[in-house]
**Q** 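What follows is a single structure, and I will ask about it in a moment.
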Amino acid sequence: MPPVPAQAASAAALAETPAWEAAPPRQPIPSPDPDPAPDRDPIPDPDPAPPAPPDEAASASDDWTDAVPDDLTEPFDAAATLDDLGMDPGVPGAIAGLSAEPPASRPETPDPGGITPQDWPAVAAGLPVGGAARALALNSEWLSGDDRQIRLRVAIHTYADGGGHDRLRTVLSEYFGRVLRLEVEYGATGDDTAHAVDQAERARRQQAAEQAVERDALVRALAQRFSARVVPGSVRPPGGAPSAHR
């Protein structure tokens, strides 16, 4: 039996329509634009170009010496300038404005061979010693001296006993700037010891003071009016120096 037209049309439609159709591809969703970066200060150029010169500088001559006054175009004379400043160009240090001074001269080392018996009392009194060494120095006479040894003479043996001899030898070596031996002889001494010179000076000053008192007009008037006299030994010289014999 032939199909009815409606069924034939449905069958034809089913025959023409596929069982399934592929879905169309999905379009990608565009990502949103990122936020623009916040405004920041631009990084400075580490080596910026120098600014353009002004118009008048650009039009100036390349030879800068054109602007130098005529009185400064002569060669620089250092000697003349130092002379104008009152400094001697020939003295070292004048350019730096410093006055050159000669180095401090060191005192000459005394020579034992040049010491005389008359020089020894002053030398002995000025030596930095004390005790037995000082007693030996002040009570000794100078006999001789050279580059190797010094010879002294004392009247009393005890002056050279103990450590006074070795200590005085050390101080004399330092004073004369060389290693010296010290020989001490025993015998009578005269007026060329430091102690004898000191006693003679004290006696001279004492005598001068007593004579000054005797000549004083006031003292003489009092002595005549009251039958007075100056007590012996009561007069002392003014500003008397202490004895060198200690």
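All heavy atoms count here, side chains included; hydrogens, waters and symmetry mates do not.
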**Q** Please identify which of these residues, Leu168, Val171, Thr170, meets the side chain to side chain contact (heavy atoms under 4.5 Å, CB included) condition with Leu182.
**A**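 Going through the options one by one, the only one that passes is Leu168.
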
**Q** In terms of hydrophobic clustering (I, L, V, M, F, W, Y; side-chain heavy atoms under 4.5 Å; direct or indirect links), are Leu180 and Val154 co-clustered?
**A**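 Shared cluster, yes.
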
**Q** State, to 0.1 Å, how close Arg181 and Arg169 come at their nearest heavy-atom pair, and which atoms those are.
**A**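 Distance-wise, the nearest heavy atoms are CA-CD, 4.2 Å.
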
**Q** Looking at Glu201, Gln207, Gln206, which hits side chain to side chain donor-acceptor pair (under 3.5 Å) with Arg204?
**A**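 Between Arg204 and the candidates, side chain to side chain donor-acceptor pair (under 3.5 Å) is satisfied uniquely by Glu201.
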
**Q** For Ala133 versus Arg167, what's the shortest heavy-atom pair and its separation?
**A**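 That closest heavy-atom pairing would be CB-CG, 3.6 Å.
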
**Q** Shared ILVMFWY cluster between Ile156 and Val184, side chains joined below 4.5 angstrom?
**A**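 In one cluster: yes.
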
**Q** State whether the side chain of Glu214 and the backbone N or O of Arg220 hold a donor-acceptor pair below 3.5 Å, judged by distance alone.
**A**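 Not a single qualifying donor-acceptor pair exists.
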
**Q** Can you find a pair of side-chain heavy atoms, one from Thr189 and one from Ser140, that are under 4.5 Å apart?
**A**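 No; the side chains remain at least 4.5 Å from each other.
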
**Q** Can you tell me how far the CZ atom of Arg205 sits from the CZ atom of Arg236, to the nearest 0.5 Å?
**A**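 Going from the CZ atom of Arg205 to the CZ atom of Arg236 covers 12.0 Å.
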
**Q** Indicate the atoms forming the closest heavy-atom contact of Ala124 with Ala137, along with that distance.
**A**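 So the two residues come closest at CB-O, 3.4 Å.
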
**Q** Which pair of non-hydrogen atoms, one from Asp111 and one from Arg178, has the smallest distance, and what is that distance?
**A**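 Shortest heavy-atom separation between Asp111 and Arg178 comes out as OD1-NH1, 4.0 Å.
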
**Q** Any salt bridge between Glu141 and Arg153, counting N to O under 4.0 Å?
**A**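 Salt bridge flag = yes for Arg153 with Glu141.
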
**Q** Can you give me the closest heavy-atom contact between Asp119 and Gly114, atom names plus distance?
**A**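 Looks like OD2-O, 3.9 Å.
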
**Q** With a 4.5 Å cut-off on side-chain heavy-atom distances among I, L, V, M, F, W and Y, is there a chain of contacts connecting Leu127 to Ile115?
**A**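 Leu127 and Ile115: one cluster.
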
**Q** Name the one of Asp192, Val123, Ile150 that satisfies side chain to side chain contact (heavy atoms under 4.5 Å, CB included) with Trp142?
**A**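 Filter result, single survivor: Ile150.
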
**Q** Please check: side-chain N/O of Asn139 versus main-chain N/O of Ala135, any donor-acceptor pairing under 3.5 Å?
**A**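 Yes; judged by distance alone, with no hydrogens or angles, the pair exists.
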
**Q** Are more than 12 heavy atoms, taken from residues, nucleotides or ligands other than Asp191, located less than 6.0 Å from that residue's CG atom?
**A**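 Not buried by this count: 12 neighbours or fewer within 6.0 Å.
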
**Q** Please name the pair of heavy atoms, one in Phe176 and one in Pro110, separated by the smallest distance, quoted to 0.1 Å.
**A**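 Smallest interatomic distance, heavy atoms only, reads CD2-O, 3.4 Å.
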
**Q** Using the rule that two of Ile, Leu, Val, Met, Phe, Trp, Tyr join whenever any of their side-chain heavy atoms come within less than 4.5 Å, decide whether Phe226 and Leu218 are in one cluster.
**A**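 Yes, it is one cluster - the side chains of Phe226 and Leu218 are joined through contacts under 4.5 Å.
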
**Q** Give a yes or no on whether the backbone of Tyr186 and the side-chain of His157 come within a donor-acceptor separation of less than 3.5 Å.
**A**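 No; judged by distance alone, with no hydrogens or angles, the pair does not exist.
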
